[in-house]
Amino acid sequence: MKKYIYIFLGLTIWGCGNPEPAEKPFDYPISAVDIKNVVLIDDFWLPKISTIQDSTIHYAFEKCVEEGRMDNFLIAGKKMAGKTRGQMPFDDTDVYKIIEGASNTLISKPNPALDAYLDSIIAIIKVGQEPDGYLTTWFTIDRKNPPAPWVKPAEKRWEQEISSHELYNSGHLFEAAATHYIATGKRNFLDIALKNADLLVDNFGPGKLSMPPGHQIVETGLIKLYRITQNEKYLSLAKFFLDIRGDSTTHPLFGDYSQDHLPVTQQNEAVGHAVRAMYMYAAMTDIAALYHDAAYLAAVRSLWHNMVEKKTYLTGGIGAKHEGEAFGGNYELPNLTAYNETCAAIGSVYWNQRLFLLTGESKHYDVIERTLYNGLIAGISVDGKKFFYPNPLESDGKYNFNQGACTRSSWFNCSCCPTNMIRFIPSIPGLIYATNPDELYVNLYISNQAKVEINNQSVELIQQTDYPWNGTVTLSVNPAEKTSFTLKLRVPGWAQNQVIPGGLYSYMNRMDQRIQLSVNGKAEPVHVTNGYIDISREWSKGDKIEIILPMAVRKVIADENIAEDLQKVAFEYGPIVYCGEETDNPQLAELKISDMDSFAVGQMNHFSSQVNIVKGDISGQPITLIPYYLWSNRGVNKMKVWFPAI
Ligand code: FUB
Ligand code: ZN
């Protein structure tokens, strides 16, 4: 397959018209460095992953037990009497998602007890699988009595896929089983997934059942199974599910809520349910890469431009509307009522990483970084046991934006977001580095020790930084033997005076301080090309790079088409977006920012962690802004990201 990679890199051939025949799949030209090869030593992210392993995973498994998610597998397998427990047709997926996250934590922090516990849960899941591989517990238990009123009773499997989530359940099963197999080497979960996937292959396709999944994710799940097994039937089915979307000759269309209003290659505006959209665009990007399909690539590019240039919040959050958990119209970005589902932010990172691996464009990492440090980690509390489902940019202390609460909640009837955080956070080490045959991309600044293969050489990397609080990063490069390659250091958009690719938001003032670079202690000129500083040389053991990305308090303004943010300013320092909470600022409601006001970075001890805050003096009144992601860790509170400017 490698030989195709070189052809693929010539992106000009994308314009050549019809996709290549499907017989010989291509692949992404750039490979992410696997989390198995990246050990975090980071003061910011490592404690978050540890909190997930030490606290959130146990807590969430207990919730699953308490609310009957495990029982459902036993009831479906007739090992226990009873009716379906829980309220969602996709409650099974919470169990899968926790296993997926837990599997990744086992890589960074081996834990035999947790490993064995996962095996015991997998044994319970197996009980719920029907002999032919079918696995959706509520349906097996009683298809005539779905757990939620909005799910239609069914006679046959997949007949009500628009609401039943049977394929969504399969998708999370495949994603989780693939990760568990890769992390542990064990086949117990993978075999359950493959049996289910084979059933889907037998039942869906041309001349068989022809309708798309009601909620996307089975597509990327199937592609992960294809990658493990090399069996192209899984890949073909994933493509089939995408190809028939928007094709009314194959099924009655589900509409734009489910991105089933147009063929996917004709879609150019991000619409409908935001999580569904992210998972679908991620799968489309996989298909663009694996089939070298120009139409798929063109579609994901247009969708990305629309989303990033017209439908993204400053925090990276997406999906403005509570109604339908959906994207709003262009520039429809209200703050108080912003939905910004945590799962949608996670989906955006999954999608943008794929776009990067396909194109090598740093702008996708600008979206990833903004989302990761702001709208995404806001979704989990400092103690790892309270969650946001929506992530608004303003709170009046009254509007119950969080599924009936005006602050973080310990769980939800629909617990997709907490378990998606568990699924995603432990995978973060896999976002840091990427390689192609002779280039090494450093895309995120997170302290770690890594082993990468480049030019057939093993290279040890040691990255040290206090990012996101400080922009100084040192990188030791230790190849086993002297070797030449290009090290590509990503220069974040914020360090180049660009808030977000495309200019939906901009800084009021340019930053004057310059980026500094040194190689083995010698200052080097800084040339940023397409978002990277390229350092091409023969590397030897002990080589050391230092990059300093100057941080300053920055005022941000929004595109004037965003009515909600007109004549308002927001604050950033480095990659972090700041907000004011009433607890620190009793006068929050009256605050108006003028050009005369001064702001500086400061430090605060927040629940035992030292974080940067922004301190201001507004006409003699002090104000304190904290990182947005930390808001609402101190109970119900008024909060603002955007402040009126005078
Ligand atoms: O439908 C499954 C998940 O539940 C969605 O992705 C979330 O938006 C929530 O509705
Ligand atoms: Zn969610």
Side-chain angles (χ1 to χ4, degrees), residues 56 60 63 67 69 86-98 100-101 136-139 146-152 160-173 175-176 212-221 254 257-260 270-283 316-328 338-351 371 375-380 386-392 401-405 408-425:
T56 320
K63 283 281 179 196
E67 297 191 351
R69 305 226 195 323
Q87 298 176 36
M88 296 294 145
F90 47 88
D91 278 351
D92 298 352
T93 64
D94 287 327
V95 181
Y96 306 153
K97 284 150 77 184
I98 304 169
E100 181 172 341
T136 282
T137 59
W138 76 262
F139 193 95
W150 47 268
V151 183
K152 298 199 184 117
Q160 299 294 350
E161 175 53 33
I162 187 166
S163 61
S164 70
H165 284 71
E166 290 158 277
L167 291 174
Y168 176 78
N169 290 340
S170 292
H172 270 301
L173 170 67
E175 294 260 331
H215 188 315
Q216 300 86 331
I217 198 175
V218 73
E219 304 85 346
T220 51
F254 297 164
Y257 170 79
S258 301
Q259 297 78 33
D260 189 30
V271 293
H273 186 271
V275 184
R276 284 167 162 84
M278 290 306 98
Y279 292 170
M280 184 176 94
Y281 305 160
I318 48 162
K321 298 194 328 187
H322 279 245
E323 190 193 1
E325 309 184 302
F327 282 103
Y339 198 63
N340 281 346
E341 184 176 340
T342 302
C343 289
I346 291 171
S348 169
V349 173
Y350 286 139
W351 179 34
T371 308
L376 193 155
I377 39 161
I380 190 163
K386 295 205 183 62
F387 307 92
F388 279 144
Y389 189 138
N391 292 276
F401 61 91
N402 196 25
Q403 305 287 313
R408 295 171 184 276
S409 292
S410 54
W411 199 246
F412 307 100
N413 285 345
C414 167
S415 49
C416 57
C417 295
T419 54
N420 231 1
M421 285 303 268
I422 295 172
R423 171 180 177 232
F424 171 77
I425 297 276

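Whatever order the structure lists ligands and atoms in, that order sets their numbers, starting from 1. What's counted below: heavy atoms across the whole structure, side chains too, no hydrogens, waters or symmetry copies.
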Please assess E161 against E166 for the test side-chain contact (heavy atoms from CB on, under 4.5 Å), listing each intermediate value before the final yes or no. CA-CA 6 Å; E161 175 53 33; E166 290 158 277; 3.6 Å; yes
Test F401 against Y339 for side-chain contact (heavy atoms from CB on, under 4.5 Å), laying out the working first. CA-CA 8 Å; F401 61 91; Y339 198 63; over 6 Å; no
Begin from the C-alpha positions of E175 and T220 and carry the test side-chain contact (heavy atoms from CB on, under 4.5 Å) through to its verdict. CA-CA 7 Å; E175 294 260 331; T220 51; 2.7 Å; yes
Are T342 and N391 close enough, and set up right, to give a side chain to side chain donor-acceptor pair (under 3.5 Å), and what steps lead you there? CA-CA 7 Å; T342 302; N391 292 276; 2.9 Å; yes
Checking I425 against I377 for the side-chain contact (heavy atoms from CB on, under 4.5 Å) test, could you report, in this order, the C-alpha distance in whole Å, the side-chain angles of both residues, the deciding distance, and whether it holds? CA-CA 9 Å; I425 297 276; I377 39 161; 3.9 Å; yes
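Under the 4.0 angstrom criterion for non-hydrogen atoms, Y389 is in contact with ligand 1. Ligand 1 lies nowhere less than 4.0 angstrom from a heavy atom belonging to M88. Proximity of C343 to ligand 1 is not established, as no heavy-atom distance is less than 4.0 Å.
The single protein non-hydrogen atom nearest to atom 6 (O) of ligand 1 is H215 NE2, 2.7 Å, given as residue, atom name and distance. Nearest non-hydrogen protein atom to atom 1 (O) of ligand 1 is H165 NE2, 2.7 Å. Of the protein's non-hydrogen atoms, the one nearest atom 4 (O) of ligand 1 is F90 CZ, 3.3 Å. Regarding atom 10 (O) of ligand 1, its nearest protein heavy-atom neighbour is E325 OE1, 2.7 Å.
Neither side chain, Y279 nor Q259, offers a donor N or O lying under 3.5 Å from an acceptor on the other. Side chains of Y96 and R423: no donor on one and acceptor on the other come within 3.5 Å.
Under 4.0 angstrom from ligand 1, the non-hydrogen atoms of E341 all belong to its side chain.
Note: W150 and H165 have perpendicular aromatic rings, judged against thresholds of 30 and 60 degrees for the angle between ring planes. Y168 and H215 have tilted rings, their planes meeting at an angle from 30° to 60° on a 0 to 90° scale.
Near C414, the atoms of ligand 1 lying under 4.0 angstrom from a non-hydrogen atom of the residue are 4 (O), 9 (C). Within ligand 1, the atoms closer than 4.0 Å to a non-hydrogen atom of V275 are 6 (O), 8 (O), numbered from 1 in the order shown. Below 4.0 Å from some heavy atom of Y168 lie the following atoms of ligand 1, by number and element: 2 (C), 3 (C).
Of all N/O/S atoms in E341, OE2 sits nearest the Zn ion (ligand 2).
Rounded to 10°, the angle formed at the Zn ion (ligand 2) by SG of C343 and SG of C416 is 110°.
Taking 2.8 Å as the criterion, C414 does not count as a coordinating residue of the Zn ion (ligand 2), since none of its N, O or S atoms falls below it.
Annotation: side chain of Q160 is not in contact with side chain of P146 (no heavy-atom distance under 4.5 Å).
Annotation: R276 places no N or O atom under 3.5 Å from an N or O atom of ligand 1; distance criterion only.
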